Amino acid sequence: MESILNNSFATLISYVGIISIYLFVIPLILFYWMNNRWNDMGKFERLIVYGLVFLFFQCLIIFSSYLYLRLRGNSKG
């Protein structure tokens with residue numbers, strides 16, 4: 001078991017996994033959540049979203065030029 005923990009390949013795989021979750025998975029989930037719930041959020045949910053945007057701002061910048069998410073209006077008018 002100790003040889004597995006000291007293996008540099010396992011360390012590299014864990015770093016790649018953590019970085020990919022930070023850079024790709026969580027920002028895409030956050031974009032999807034904001035796009036679907038923006039007009040229906042309560043104040044605590046909006047506070048959580050603002051905090052997550054603050055934490056993952058660098059990652060959201062990567063996807064902002066590729067994802068075109070427009071808020072849905074009330075369709076009145």
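Please read all numbers here as calculations on a predicted model, not as lab measurements. Nothing fancy with the numbering, it's 1 onward along the sequence.
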- Task: Report yes if some heavy atom in the side chain of M34 is under 4.5 Å from a heavy atom in the side chain of V53; otherwise report no.
- Result: yes

- Side-chain heavy atoms of Y50 within contact of E45, under 4.5 Å: no

How does the hydrophobic cluster around [X] look, that is, which other residues are in it when side-chain heavy atoms under 4.5 Å mark a link?
X   : result
F54 : none
F9  : I13
I61 : F57

- Message: Do V16 and I21 sit in one hydrophobic cluster, given that two such residues count as connected whenever their side-chain heavy atoms are within less than 4.5 Å of each other, even indirectly?
- Response: no

- Under a 4.5 Å side-chain heavy-atom rule over Ile, Leu, Val, Met, Phe, Trp and Tyr, are I19 and L30 clustered together? yes

- Query: Would you say the side-chain atoms of R46 pair up with the backbone N or O of W38, donor to acceptor, closer than 3.5 Å?
  - Reply: yes

- Find the distance between SG (C59) and CZ (F24) and round it off to the nearest 0.5 Å. 9.0 Å

- Candidates L28, I18, I62 - the one meeting side chain to side chain contact (heavy atoms under 4.5 Å, CB included) with L23: I62

- Quickly, which of N36, I29, N35 forms a side chain to side chain contact (heavy atoms under 4.5 Å, CB included) with Y32? Name it, please. N36

- Exercise: identify the closest heavy-atom pair between L55 and Y22: O-OH, 3.1 Å

